[in-house]
Amino acid sequence: MKNINVAIDGPAGAGKSTVARRAASILGYIYVDTGALYRAAALFITERDIPGSDVENALNEADISLRFIDGVQRVFLGERDVSELIRTPEISMAASKYSAMPPVREKLFGLQKQIAAENNVIMDGRDIGTVVLPDAQVKVFLTASPEERARRRYKELSEKPECPAYEEILADIIQRDDQDMNRETAPLKMAEDAVLLDSSELDLDETVEELVRIIKAGTDRSAE
Ligand code: DC
């Protein structure tokens with residue numbers, strides 16, 4: 001039987017990973033955060049200080065993989081678990097920059113396809129419904145206004161000692177949206193057959209509930 005593939009795309013800070021992880025645990029699917037792959041590629045490139053013109057060649061040596069430990073995704077560069085190292089603001093911006101490069105996307109395409117072919121997955125990213133899994137049984141575009149995304153991020157960071165100003169977070173989100181949406185290769189956009197889920201007015205529980213409802217409706221329909 002064909003595995004169930006759910007594609008969730010949307011801009012940075014829309015809550016895709018939290019919401020998708022919870023929905024995956026409710027439904028018993030594997031949650032795959034493809035942004036972590038782009039972040040690992042960005043870490044590889046920045047750690048070695050590779051100039052843009054050498055990225056394609058250098059990436060041949062990058063051994064990027066995902067491992068699922070007790071169902072939880074970890075990302076590896078060779079045998080090094082880099083799951084935490086890739087979460088800095090510098091790597092966020094670098095991932096957004098390097099993910100616009102076709103060789104980076106090509107490098108990670110096969111890996112994503114393979115995981116989806118072998119498992120029931122909820123896979124989140126920017127181009128999952130449009131490029132990576134165009135035949136996914138369910139596609140969702142999860143978004144929220146830039147201001148609401150910045151407010152949520154500010155709230156999350158305000159518990160930490162060094163919290164950037166709200167305006168700085170908002171500017172960062174707007175810049176990343178612009179880079180992700182306006183690149184030539186696999187830009188962030190809603191697939192024609194995706195369901196739009198705008199979480200601006202919903203809390204986390206409501207968003208998860210709505211996502212699970214959409215997935216159940218979509219998988220029931222595709223089983224008919
Ligand atoms: O989801 P995230 O913030 O961890 O993603 C980091 C960057 O990687 C993001 O700016 C865009 C890029 N990305 C992508 O181009 N395609 C994906 N499928 C996932 C992420």
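Atoms within each ligand, like the ligands themselves, are counted from 1 in listed order.
Of all protein heavy atoms, the one lying nearest to atom 4 (O) of ligand 1 is R39 NE, 2.6 Å. The closest protein non-hydrogen atom to atom 7 (C) of ligand 1 is A95 CB, 3.8 Å. For atom 12 (C) of ligand 1, the closest non-hydrogen atom on the protein side is S99 OG, 3.5 Å. Looking at atom 8 (O) of ligand 1, its nearest protein heavy atom turns out to be Y38 CB, 3.5 Å.
At most 12 heavy atoms of other shown residues, nucleotides or ligands fall within 6.0 angstrom of atom CD in E201. Around atom CD of E56, no more than 12 heavy atoms belonging to other residues, nucleotides or ligands sit under 6.0 Å away. Within 6.0 Å of atom OH in Y154, 12 or fewer heavy atoms from other residues, nucleotides or ligands are found, so the atom counts as exposed in its surroundings. Atom NZ of K113 has more than 12 neighbouring heavy atoms from other residues, nucleotides or ligands inside a 6.0 Å radius.
Screening L188, T130, I8, V195 against F141 for a side-chain contact (heavy atoms from CB on, under 4.5 Å) leaves a single residue, L188. Remark: of the listed residues L59, L37, T34, L37 is the sole one forming a side-chain contact (heavy atoms from CB on, under 4.5 Å) with L108.
In terms of polar-atom proximity, D180 is counted as a contact of ligand 1, with an N or O under 3.5 Å from an N or O of the ligand. Any N or O atom pair closer than 3.5 Å counts here, and T34 shares at least one such pair with ligand 1. At a 3.5 angstrom cut-off on N or O pairs, R105 counts as close to ligand 1.
Under 4.0 angstrom from ligand 1, there are no non-hydrogen atoms of Q179. Within the 4.0 Å heavy-atom criterion, neither part of A12 lies near ligand 1. Contacts of R183 with ligand 1, taken as heavy-atom pairs under 4.0 Å, involve the side chain alone.
Ranked by closest heavy atom to atom 1 (O) of ligand 1, the top entry among R87, R176, R126, M93 is R126.
In terms of modelled atom types and a separation under 3.5 Å, the side chain of Q137 and the main chain of N5 share a donor-acceptor contact.
Per-residue contacts place S96 under 4.0 angstrom from the following atoms of ligand 1 (heavy atoms of the residue considered): 10 (O). Each of the following atoms of ligand 1 lies closer than 4.0 Å to a heavy atom of D127: 16 (N), 17 (C), 18 (N). Heavy-atom proximity to G125, at under 4.0 Å, picks out these atoms of ligand 1: 17 (C), 18 (N), 19 (C).
Atoms CG and CG, from L211 and L142 in turn, are 7.5 Å apart once rounded to the nearest 0.5 Å.
A cation-pi arrangement is found for R67 relative to F76, the charged atom lying closer than 6.0 Å to the ring centre and inside a 45° cone about the ring normal.
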